[in-house]
2 protein chains.
Amino acid sequence: MAELSRTTGVPVPTIKYYLREGLLTPGEQAGRNQVYYDDRHVRRIKMVRALAEYGGLSIAVIRELLAYIDHPGRDPLRLLGEAQATVIPRYERRDAPEEERGRRRLAEVIAKRGWKNVGDHPSFDAAAGVIGVLEQLGRQDVIEALDDFAAAAELIAVTDLRVVGDARDVERAVQVVILGTVLGDALLAALRRLAQSHVAYELETGDRTL
Amino acid sequence: MAELSRTTGVPVPTIKYYLREGLLTPGEQAGRNQVYYDDRHVRRIKMVRALAEYGGLSIAVIRELLAYIDHPGRDPLRLLGEAQATVIPRYERRDAPEEERGRRRLAEVIAKRGWKNVGDHPSFDAAAGVIGVLEQLGRQDVIEALDDFAAAAELIAVTDLRVVGDARDVERAVQVVILGTVLGDALLAALRRLAQSHVAYELETGDRTL
DNA sequence: GCCTCTCGATAGTTAAGCTATCCACTACTG
DNA sequence: CAGTAGTGGATAGCTTAACTATCGAGAGGC
């Protein structure tokens, strides 16, 4: 265990805690007080840290994710939806008037882009909630950019699905979905800021106009 | 205060807590134990809740954001960078080999897209960290999609800058940047899942091939 | 005149995510 | 082969964040 701690940089008590919480499968017992940990444990710990640090996920959610990674459904077609359902935070759909307006606005955009199969998606209410709150805060200008955001999201989704499709087995595909979603969100957020900085620079120097 | 609580749906003790924490400016004193709150307080509270709930920001970060919203720098050109710096979580740049590799990989993509003004951006290390960890976890397939992600990020950034440019004064622009960044990230994440669901559906029905 | 409500201060609560201590035991070290 | 450092497991404790509850002096309303 000391070695596991050294190679991952995670303190021993924390590893014990992860074991207690069921994030790590017990290692192979070798004698009364000697346990062997292998490469999989190292990757497991790195995954836990990455999901917590970059994805901001709680230990409880990470445990669910890992459980799904270990025992994915066998139907590859449903895999994306199932894995998504495991990752997505559940927003309790409030029936406040502003959220209702957000739902209508979002439904318009979805219709315009011809998106199917999304009306009862768990992320629908999340997006509608954000739109509702933006409207309440008087940020109609941001809401007007919704179409462009949706277009970009579709581009990203196509990439996502291509990567998932290229995964050679279910196990790999599950990892792509989970990590691609959680770490992908963090990555996209960071890239967005870099791109903003770049575009702002080009506007300043006159290399680009909007 | 009871009325403020009723119209926002936030319990009185929580409002008191926000006052203590300096998230809310004190209302107008009217007598020894009577204080008037107005519309701005209502919007303030809604903003705090939105930033916390959808953006997952801590009270401490929200306080900084609000302070910047109240006293933005006067140079509109620097505004984006300053506001960004306030929002972006600071990752302590580790000099682990995998993060170093992430930095190199990211630098390639940036060079390929011709992004300028981006090498020492605070989000650079965040993105590099994610890439590094993806590589460690054996997800080269996701890393290969980096170019596409960057392209989408650029699209989004152009939209962002257009919205900021349309804001008619500095005060409005600051709000666009902060809310557009924090709530925009949440919105994009949700739209991404909706788009994934849509694209997956089209692939299933044969309406689309990759 | 009394009863309720208000503000503000202070203290308490809850949950998450570790971290520290203990203990019985064991395996390497000289 | 004795000693000592280290092991795993159990349990308890710590720290921070974000609220939440209590209290008391004082004001407003019928």
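Lettering follows sequence order; numbering is per chain, from 1.
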Salt bridge (charged side-chain N to carboxylate O under 4.0 Å, His left out) contacts touching residues 42-54 of chain A (sequence neighbours left out)
A/Arg44-A/Asp70, A/Glu53-B/Arg94
Under a 3.5 Å distance rule, please check whether B/Ser197 uses its side chain to pair with a backbone N or O of B/Arg193 as donor and acceptor.
no
What pairs of residues pass the salt bridge (charged side-chain N to carboxylate O under 4.0 Å, His left out) test when at least one of them lies in residues 17-27 of chain A, not counting sequence neighbours?
A/Glu21-A/Arg63
Can a side-chain donor-acceptor contact be found between B/Glu82 and B/Tyr68 if the only test is distance below 3.5 angstrom?
yes
Of the residues in residues 1-26 of chain A, which ones touch DNA chain C at a heavy-atom distance under 4.0 Å?
A/Pro11, A/Pro13, A/Thr14, A/Tyr17, A/Tyr18, A/Arg20
Distance col, row A/Glu135:CD vs A/Arg101:CZ, nearest 0.5 angstrom, shows 4.5 Å
Considering all heavy atoms of both residues, which atom of A/His41 and which atom of A/Thr25 are nearest to each other, and what is their separation?
NE2-O, 2.9 Å
How many whole angstroms separate atom OH of B/Tyr36 from atom C1' of C/dC7?
14 Å
Across all chains, not counting sequence neighbours, the salt bridge (charged side-chain N to carboxylate O under 4.0 Å, His left out) partners of B/Glu64 are none
Of the residues in residues 57-67 of chain A, which ones touch DNA chain C at a heavy-atom distance under 4.0 Å?
A/Ser58, A/Ile59
The side-chain hydrogen bond (donor to acceptor under 3.5 Å, both in side chains) partners of B/Arg40 (sequence neighbours excluded) come to none
